[in-house]
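Below: the structure, in structure tokens.
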There are 4 protein chains.
Amino acid sequence: MNTKDKKLSKREKNKENNRSIIIKAGIHTFLKKGISQATVRDIIRNTDLASGTFYNYFKSKEEVLIAALDESAIEIGQELRSRRKNAKNLEEFIYSQINPFFEFARDHSELFMIMSSNLNDVKAFSVETPMMTLELESLKEDIIIGINEGILPDVDPDYFCSVIQSVSEGIAFTFVKGGMSDEDISAAVKFCTNFIVNGIKAV
Amino acid sequence: MNTKDKKLSKREKNKENNRSIIIKAGIHTFLKKGISQATVRDIIRNTDLASGTFYNYFKSKEEVLIAALDESAIEIGQELRSRRKNAKNLEEFIYSQINPFFEFARDHSELFMIMSSNLNDVKAFSVETPMMTLELESLKEDIIIGINEGILPDVDPDYFCSVIQSVSEGIAFTFVKGGMSDEDISAAVKFCTNFIVNGIKAV
Amino acid sequence: MNTKDKKLSKREKNKENNRSIIIKAGIHTFLKKGISQATVRDIIRNTDLASGTFYNYFKSKEEVLIAALDESAIEIGQELRSRRKNAKNLEEFIYSQINPFFEFARDHSELFMIMSSNLNDVKAFSVETPMMTLELESLKEDIIIGINEGILPDVDPDYFCSVIQSVSEGIAFTFVKGGMSDEDISAAVKFCTNFIVNGIKAV
Amino acid sequence: MNTKDKKLSKREKNKENNRSIIIKAGIHTFLKKGISQATVRDIIRNTDLASGTFYNYFKSKEEVLIAALDESAIEIGQELRSRRKNAKNLEEFIYSQINPFFEFARDHSELFMIMSSNLNDVKAFSVETPMMTLELESLKEDIIIGINEGILPDVDPDYFCSVIQSVSEGIAFTFVKGGMSDEDISAAVKFCTNFIVNGIKAV
DNA sequence: GATGAATGAGCTTTCATTCAT
DNA sequence: CATGAATGAAAGCTCATTCAT
């Protein structure tokens with residue numbers, strides 16, 4: 001029994017281990033070669049595992065990507081959605097999006113860079129990612145609601161949506177690329193929020 | 001003489017024809033599968049030609065892309081650069097970029113979509129494209145000059161650069177995707193310019 | 001343990017098996033079509049294996065050739081070189097080369113035929129083969145040394161070198177082609193040695 | 001009439017011209033890349049002609065080679081055969097072969113190098129070349145006749161044949177490669193003849 | 001579950017050859 | 001005859017995926 005347990009736990013451990021080894025190698029590969037150029041072979045080459053082992057855990061490189069994004073990316077999506085519901089005015093609305101988005105970018109910079117550099121490919125799997133969330137219909141709907149409720153200024157919702165998305169992605173990208181410190185992030189968030197809020201107000 | 005001319009032109013015509021057939025198929029393929037996923041075979045499959053024929057015209061899919069971008073894309077890059085040199089203030093500076101950029105997006109919407117959706121891959125060829133130009137060091141340098149000369153407000157040049165780029169791409173993308181009319185473009189340009197100018201002024 | 005060993009050895013055996021199947025098919029192909037005309041596909045066609053399998057073992061047809069020549073061919077080159085160092089006179093010098101060379105030709109007749117019929121191509125890989133050794137500068141240098149030491153007659157070294165090479169290859173080729181028996185080889189060696197020794201003495 | 005004649009002769013001229021242009025390019029290509037590696041494309045690339053033009057004159061690269069060897073190579077074959085018929089003893093027999101063979105090698109060094117470096121491929125077309133002639137059954141038959149008539153020593157005809165062939169080719173190759181002067185050729189012929197005659201006598 | 005050899009589809013590219021002009 | 005674009009077979013090679021061990 002003892003022996004069996006040990007074996008089992010070892011196995012379990014190993015299983016988890018291999019799974020996360022593959023995910024790590026996947027992130028590394030996606031970052032280096034881009035999603036569409038990365039191959040299953042590339043991923044396992046960044047590993048001590050045999051090629052067959054890959055298929056014990058994932059059916060394709062896309063599944064690795066999804067696993068890599070997994071929780072964190074999904075959570076942030078939900079967070080963004082729920083936070084903006086509570087916004088009472090434009091400033092709050094924008095800030096509610098920008099702040100967590102930048103924190104995500106800072107805390108998961110590798111994932112962020114992958115998504116940001118491969119938006120097109122990421123779109124291909126209808127994965128829920130923060131970018132996706134910012135972009136998807138959901139944001140637009142909330143904007144329309146906000147406009148109707150008088151909380152948000154009456155701006156073309158498509159363009160409204162587009163600027164939030166593009167500015168936050170652009171600034172976050174610049175922020176992450178230039179090595180990010182703690183002061184930086186609040187400066188970046190402030191810059192980004194101010195820029196969008198005042199830009200929107202002026203149009 | 002007449003006969004000869006006709007013969008020649010028939011051939012030449014066919015040659016030109018095939019060349020543009022391939023380019024068209026290329027654009028179609030790049031649009032559909034993305035640049036890095038598209039293969040030479042994909043391109044010729046969108047064609048009645050034999051595989052060998054491709055290589056009578058191009059050495060690689062990249063050459064097809066370059067041919068597709070060709071003049072128009074190169075010209076716009078130069079235009080953007082020269083126009084911003086003459087700007088006397090922030091409004092002019094931004095407008096000098098946004099207006100021609102949107103016109104390019106409208107007039108070459110397929111190319112624009114390809115470039116916009118494959119920025120990463122396009123970067124790989126050091127082709128001069130409008131995105132590239134907006135993005136490259138050149139823009140940043142001109143911004144720094146403008147700041148020093150007091151023409152532009154004193155904003156972090158990296159962020160300055162980033163917002164111009166991301167907003168114009170984002171709005172132009174939205175604009176193009178939503179079928180573009182003539183009224184739309186001036187509205188889009190106005191929106192975009194106003195947004196950036198006032199956003200920048202506020203930060 | 002036994003089981004595991006067996007399993008392993010079965011696999012290993014199969015791997016070794018395939019490797020030598022490919023080498024054999026390679027030899028067959030090189031013999032039939034010549035080295036430069038042989039293709040990887042020709043080699044695998046002489047096999048029940050799939051095309052991809054080839055590349056599990058070799059990177060190119062050249063690697064197959066090298067594997068085929070492998071040890072034996074390299075050893076004989078070294079042997080020829082070391083033996084002639086000990087020669088005390090012309091007879092010994094010639095015999096030291098001819099005898100092992102013919103034994104090699106007899107014992108590896110297929111390889112010998114391939115090399116002999118594709119000297120030009122074999123030269124292209126700087127593989128050490130008996131022909132190469134006989135031909136290379138090394139032989140010429142030793143001849144010059146031998147002449148200077150008075151061990152060998154004072155004959156133009158280029159021609160000296162050339163006759164050793166051409167006669168031994170020519171006779172060995174004839175010898176191998178005409179199905180070789182044990183009496184034959186000593187007769188052939190004797191013929192060859194006598195011929196060269198006396199030819200050289202007379203010029 | 002005049003006009004027609006002119007046109008015709010011009011055409012004829014051009015025809016001959018293109019033919020020899022292709023042959024020249026062929027020789028150049030065969031020398032540089034070897035027969036089996038040379039392609040029709042290689043040959044026409046060394047030419048200002050269009051690819052289709054090639055097929056107005058030749059069906060394959062092999063036909064170019066045959067045309068290149070043509071007369072000269074065929075003549076020398078016949079000469080060698082006829083000369084050795086008149087030999088009264090070993091010396092004459094050998095000299096009758098060696099002398100014209102070396103002259104051929106000197107006067108057609110490019111062809112000689114091609115044949116000598118591509119013996120295997122040349123054999124593939126059963127073209128009559130000097131090498132072929134020296135090698136073919138014909139020489140062996142004449143040697144047997146010579147032995148029976150007491151003109152030649154009683155040496156194994158296969159080996160007899162082989163040494164004539166290999167030595168003359170080997171020395172001629174060395175001779176041609178080392179830039180050939182007029183003194184050289186008689187020295188080379190003398191060396192070669194002496195070597196073979198005395199070698200043969202001794203076995 | 002781990003392994004990695006085997007597989008064959010599919011890609012890029014070159015080539016000999018044809019044929020309308 | 002000269003031309004050279006079109007053709008499709010065939011080469012080299014890589015890949016995702018399977019499966020016996």
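- Among the protein residues, C:Arg45 comes within range of the sugar-phosphate backbone only, with heavy atoms under 4.0 Å from sugar or phosphate atoms but none that close to a base.
- The shortest distance between the side-chain N/O atoms of C:Thr53 and the OP1/OP2 oxygens of E:dA5 is not below 4.0 Å.
- Separation of atoms CD1 (A:Ile22) and CG (A:Asn17) is listed at 10.5 Å; rounding is to 0.5 Å.
- Comparing E:dT12, F:dT14, E:dT17 against the side chain of C:Ser51 picks out F:dT14 as the nearest.
- Whole-Å rounding puts the A:Ile21 CD1 to E:dA2 P distance at 10 Å.
- Comparing E:dA16, F:dA2, E:dG1 against the side chain of D:Val40 picks out E:dA16 as the nearest.
- Paired regions of DNA chain E, where each region holds three or more successive Watson-Crick or G-U pairs whose two hydrogen-bonding distances fall under 3.5 Å, are E:2-21 with F:2-21.
- Looking at residues two or more places apart in sequence or on another chain, you find no side chain to side chain donor-acceptor pair (under 3.5 Å) involving B:Thr53.
- To the nearest 0.5 angstrom, A:Leu31 atom CG is 7.5 Å from A:Ser117 atom OG.
- Using modelled atom types, one side-chain atom of B:Asn118 and one backbone atom of B:Ile35 make a donor-acceptor pair closer than 3.5 Å.
- Taking atom CZ of A:Phe58 as the reference point, atom P of E:dG1 lies 13 Å away to the nearest angstrom.
- Note: CD (C:Gln37) to C1' (E:dA16) measures 14 Å, nearest angstrom.
- Going from atom CG of B:Asn17 over to atom P of E:dA20 covers 18 Å, rounded to whole Å.
- Contact annotation: D:Asn56 reaches the phosphate of F:dA2 (side-chain N/O to OP1 or OP2, under 4.0 Å).
- C:Ile23 CD1 to C:Phe58 CZ: the interatomic distance, rounded to the nearest 0.5 Å, is 4.0 Å.
- Looking at heavy-atom distances under 4.0 Å, A:Phe54 makes no contact with the nucleic acid at all.
- When all heavy atoms are compared, the tightest approach of D:Ile27 to D:Ala68 is CG1-CB, 3.8 Å.
- When each of F:dA2, F:dG12, F:dA9 is scored by its nearest atom to the side-chain atoms of C:Thr39, the top-ranked nucleotide is F:dG12.
- Of the two residues near DNA chain F, B:Gly52 and D:Asp48, the one whose nearest nucleotide lies more 5' is D:Asp48.
- Looking at the side chain of C:Arg41, the nearest of the listed nucleotides F:dC13, E:dT13, F:dA5 is F:dC13.
- Note: OH (A:Tyr55) to P (E:dA5) measures 16 Å, nearest angstrom.
- OP1 or OP2 of E:dA2 lies within a sub-4.0 Å distance of a side-chain N or O belonging to A:Tyr57.
- Closest-nucleotide positions on DNA chain E for B:Lys61 and D:Ile44 were compared, and the one nearer the 5' end corresponds to B:Lys61.
- Between B:Leu49 and C:Lys59, it is B:Leu49 whose nearest contact on DNA chain F lies nearer the 5' terminus.
- A side-chain hydrogen bond (donor to acceptor under 3.5 Å, both in side chains) check over residues 43-52 of chain B, counting only residues at least two apart or in different chains, returns the pairs B:Thr29-B:Asn46, B:Asp42-B:Arg45.
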